[in-house]
Amino acid sequence: MNNPLYVYNSISRDKDHFVPKEEGYVGMYVCGPTVYSDVHLGNCRTFVSFDIIYRYLLFLGYKVRYVRNITDVGHLTGDSEDGEDKIVVKAKQERLEPMEVVQKYMNGFHDMMDVFNVKRPSIEPRATGHILEQIEMVQDIIKNGYGYESNGSVYFDTVKFNEDKGSYGKLSGRVMDELLEETRVLKNQSEKRNASDFAIWMKAAPEHLMKWESPWSVGFPGWHLECSAMSTKYLGSNFDIHGGGNDLKFPHHENEIAQNEGACGCAPARYWLHTNMLLMNGRKMSKSEDNSITPEQLFTGSSKHVSKGYSPMVIRFFMLMAHYRSTMDITDDALQAAEKGYYKLMDAYYSLQELNTNNTDEGSLDQEVNALIDQAHADMNDDFNTPKALSRFFELTSMVNKLKGGQLKISDLGSATLDRLKKAFQSFIFDIFGLKDEAHHDDDHNHLDGAMRLIIDLRADARANKNWAVADKIRDTLSELEITLKDGKDGTDWSIH
RNA sequence: GGUCGCGUGGCCGAGCGGUUAGGCAGUGGUCUGCAAAACCAUCUACAGCGGUUCGAAUCCGCUCGCGACCUCCA
C-alpha cells in the first residue's frame, strides 16, 4: 500500500513519481465542457477517467481541490478571429439568450455526470464569472512584453515568448518554425504579428451578444485564457495536476502554459495528464460524420450501432476495461462482454458478503488473496491502471465463487484476510472505480427480496414434489422479467440482469 | 506534407526483454429433474521482413495498414 504513485506526465513523456507540491494536498484542474450542445460520449469518457483519478487520490488520503471549469464564452467555431462564439451561434439557432443556452446544456451535462456517478468537482468556475481575472491576466501578459494590442484585440506574441523561453510547443512537440510555416498561408490577413499568435482578448462586433468593457475594447476573452486565469485563482500559479482530453494538448494547453508563463513567469502545472479518445468503428466519434452515438442512444439501444441498450454502469465498467491513455473502440460485442463482466463482479461482491470464517489464524489461501489485493493497489499506483487492477478482482471473484461453491474451503482463509478482502471489494468497486449497483436498490430491493424469497420457497416445494411444470413456469416467467434464479448447493439465489 | 501514437488470439483489452493478464465468446466435462449460475479442463496471439540478445509481443531498422493532432472537438 505504500508504493509510490507514478503518473504519466505529458510534459516529461514519462511516468513520473507523483509528489504533490504540498504534502497531503493535491490541486487538480481539468478542462470542462463548452456548454453549447449535449455532452457526447467521448466527453463522458474523459470525465469518468478523471473521476477515477480524483477518487483514487481521495482514497490515498489526499485532500484534493478539484477544479473543473465550464466554458460559457469565448470558444469559437473555426479558429482565430474569424470564428463565431459557439454559444452565441447556438443562441441564435434556438432563439434563446446565450445564458439560457449555457444553463440548458450545463444542466444536461450535470445530469449526465450524475448518471455516470461522476463525483462533482470542488469548484466549477465559469468563464463569464471571471472576466476581471482574465483582463488582469491580459494586462500582466502585456506588461511582460508577451502581448500586444491590435485594433482593439490583444494577441499573445508566441515568437517573442519562444525567443525568451525557448519553450513554445514543448507540451505538444511543436517546432516554432514549422508552426509559422504551416499557418502562414491560411491566416495571412490577420491582425497578428505572427501566424502562430493567438487572441487573448477579442474586440466584439457591435451586434455581438456577449461582451464586456476592457482597456482595449468592448469584447470578450480568448478561449484559452479562462483556464489560465481560473486555475491560477483557485489553485495558485503553480499547482499539481492539469488534465484534459488529448486533443486539447494543442493548441489549448500549449497556449495555457504560454499565458501562465507569460503572465507570472511560472509553469502552471507540474503534471499534465491526457486522456485518449473514444473510438467507434475504429475512428474518433464525430457528430458531423455518421459514427457517433449519444449516451441516451446507448442507454436505450436506439442506434444502428448497438443491438440493445446498455446501462450507465455497464458503460462505466466498459471504460474501466481500457487504460485512460489508450484509445478505446466501442463495439456492440465489447459492450456485451462488459455487461456480463459487470454483473459477474457485482454478484461476487454479494457472495463475498455472505462468507464468514471462524479461522482466526492464517490460512493457506491468505497469501494468494493478500497478494492479489496488493497487486491491485500497485496497479492503480502505476498510472491508474484500471484494466490491470480489474483483472485482479476477477481473479478474486473466481476465488470467492469457489469459496461459495465449496471448491475452496472457507476454513483455509483467515478472518483477518477475509475482512481485508471484503474491504478491498468495497473500496475498489464503489469508492475507486465508482460503480454503483444498479440491481440492488436499497429499499425497493429489500421489499423485492422478501417477495422473491417467498417465490423461491414455493418453487422449492414444487421441485420437491417433482412438479416441474410449476417450477419451470416460475423460473421462465421470472427470466422474462430479467430476474435470474441461480440454484446452488445451499438453496437458490436471485439477481436482476 | 509536418508531429505523435498504434497494430496482441473470434471480439474487447493488459503486458513492453525470460513467468497464466483479465473479461466475453467457443469446445469438452462436473453439478442439475432439465437448464441457468458456479467450478474444472481446453482451443485460437503478438501485422510482415530483417537485426541486436543466451532469450523479443516487448529493443533497433525497414515495409505495409490504421488513428490522433496540426482546423471546432474530451
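We name chains A, B, ... by the order of the sequence lines, and we start the count at 1 in each one. If you're wondering where the values come from, they're calculated on a predicted model, not measured in any experiment.
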Test for a donor-acceptor pair under 3.5 Å between the base of [N] and the side chain of [X], counting only N and O atoms.
{"X": "A:H274", "N": "B:rA74", "answer": "no"}
{"X": "A:D472", "N": "B:rG33", "answer": "yes"}
{"X": "A:R475", "N": "B:rC34", "answer": "yes"}

Could you state the atom-to-atom distance from [atom1] of [X] to [atom2] of [N] in whole Å?
{"X": "A:L408", "N": "B:rA38", "atom1": "CG", "atom2": "P", "answer": "16 Å"}
{"X": "A:D329", "N": "B:rA68", "atom1": "CG", "atom2": "P", "answer": "11 Å"}
{"X": "A:F318", "N": "B:rC12", "atom1": "CZ", "atom2": "P", "answer": "10 Å"}
{"X": "A:E256", "N": "B:rA74", "atom1": "CD", "atom2": "P", "answer": "14 Å"}
{"X": "A:E480", "N": "B:rA35", "atom1": "CD", "atom2": "P", "answer": "20 Å"}
{"X": "A:Y8", "N": "B:rG5", "atom1": "OH", "atom2": "P", "answer": "7 Å"}
{"X": "A:H75", "N": "B:rC73", "atom1": "NE2", "atom2": "C1'", "answer": "7 Å"}
{"X": "A:I52", "N": "B:rA74", "atom1": "CD1", "atom2": "P", "answer": "19 Å"}

Is any side-chain nitrogen or oxygen of [X] closer than 4.0 Å to OP1 or OP2 of [N]?
{"X": "A:N246", "N": "B:rC4", "result": "no"}
{"X": "A:K402", "N": "B:rC40", "result": "yes"}
{"X": "A:K344", "N": "B:rC24", "result": "yes"}

Worksheet item: Does a sphere of radius 6.0 Å around CD in A:Q367 hold more than 12 heavy atoms from other residues, nucleotides or ligands, not counting ones at 6.0 Å or beyond?
Response: no
Across the strands shown, which category fits [X] at heavy-atom distances under 4.0 angstrom: base, sugar-phosphate, nothing?
{"X": "A:S326", "value": "sugar-phosphate"}
{"X": "A:I330", "value": "nothing"}
{"X": "A:D493", "value": "nothing"}
{"X": "A:L278", "value": "base"}
{"X": "A:E395", "value": "sugar-phosphate"}
{"X": "A:G405", "value": "nothing"}
{"X": "A:A337", "value": "base"}

Interatomic distance at [atom1], [N] relative to [M], whole Å:
{"N": "B:rU52", "M": "B:rG17", "atom1": "C1'", "answer": "12 Å"}
{"N": "B:rU19", "M": "B:rG65", "atom1": "P", "answer": "33 Å"}
{"N": "B:rG10", "M": "B:rU44", "atom1": "C1'", "answer": "8 Å"}
{"N": "B:rU3", "M": "B:rG61", "atom1": "P", "answer": "15 Å"}
{"N": "B:rC11", "M": "B:rC70", "atom1": "P", "answer": "31 Å"}
{"N": "B:rG18", "M": "B:rU53", "atom1": "C1'", "answer": "12 Å"}
{"N": "B:rU27", "M": "B:rA35", "atom1": "P", "answer": "15 Å"}
{"N": "B:rC49", "M": "B:rC39", "atom1": "P", "answer": "39 Å"}

salt_bridge([X], [Y]) N-O dist < 4.0 Å:
{"X": "A:E339", "Y": "A:K308", "value": "yes"}
{"X": "A:R475", "Y": "A:D487", "value": "no"}
{"X": "A:R453", "Y": "A:D457", "value": "no"}
{"X": "A:K486", "Y": "A:D347", "value": "yes"}
{"X": "A:E124", "Y": "A:R120", "value": "no"}

Nearest listed nucleotide, side chain of [X], among [options]:
{"X": "A:P387", "options": "B:rG23, B:rA14, B:rC69", "value": "B:rA14"}
{"X": "A:Q407", "options": "B:rC11, B:rC34, B:rC39", "value": "B:rC39"}
{"X": "A:L248", "options": "B:rC39, B:rC34, B:rA74", "value": "B:rA74"}
{"X": "A:D487", "options": "B:rG22, B:rC70, B:rA35", "value": "B:rA35"}
{"X": "A:R13", "options": "B:rC12, B:rA14, B:rC4", "value": "B:rC4"}
{"X": "A:L279", "options": "B:rG23, B:rG33, B:rG67", "value": "B:rG67"}
{"X": "A:N401", "options": "B:rA74, B:rC39, B:rC73", "value": "B:rC39"}
{"X": "A:S398", "options": "B:rG22, B:rA74, B:rC39", "value": "B:rC39"}
{"X": "A:N385", "options": "B:rC12, B:rA36, B:rA14", "value": "B:rA14"}
{"X": "A:F394", "options": "B:rG23, B:rA14, B:rA37", "value": "B:rG23"}

Discussion item. Determine whether the aromatic ring of A:W468 stacks with the base of B:rG33, defined as ring centroids separated by less than 5.5 Å and ring planes inclined by less than 30°.
Written reply: yes
Practice prompt. Answer with yes or no after comparing the ring centroid distance for A:H377 and A:F428 against a 6.0 Å cut-off, counting only values under it.
Written response: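 Under 6.0 Å, so yes.
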Item to complete: Flag the pair A:Y36 / A:Y105 as yes when their ring centroid distance falls below 6.0 Å, and as no otherwise.
Response: no
Worksheet item: On the ring face of A:F47, is A:R68 found with NZ or CZ under 6.0 Å from the centre and within 45° of the axis?
Response: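 A:R68 over A:F47 ring: yes.
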Worksheet item: Under the 6.0 Å and 45° cation-pi test, does A:R174 pair with A:Y168?
Response: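 Judged by the rule (NZ or CZ under 6.0 Å from the ring centre, within 45° of its axis), A:R174 is not positioned above A:Y168.
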Fill in: Of A:F317 and A:G32, the one whose closest RNA chain B nucleotide lies more 5'
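It is A:F317, whose closest nucleotide lies nearer the 5' terminus.
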Worksheet item: Knowing that exactly one of A:F239, A:Y234, A:Y54, A:F50 qualifies, which makes a ring-ring contact (aromatic ring centres under 6.0 Å, His included) with A:Y66?
Response: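 The residue from A:F239, A:Y234, A:Y54, A:F50 that satisfies ring-ring contact (aromatic ring centres under 6.0 Å, His included) with A:Y66 turns out to be A:Y54.
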Discussion item. For Watson-Crick and G-U wobble pairs within 3.5 Å on both distances, what is RNA chain B written in dot-bracket notation, | included for inter-strand pairing?
Written reply: (((((((..(((.....[...))).(((((.......)))))....(((((..]....))))))))))))....
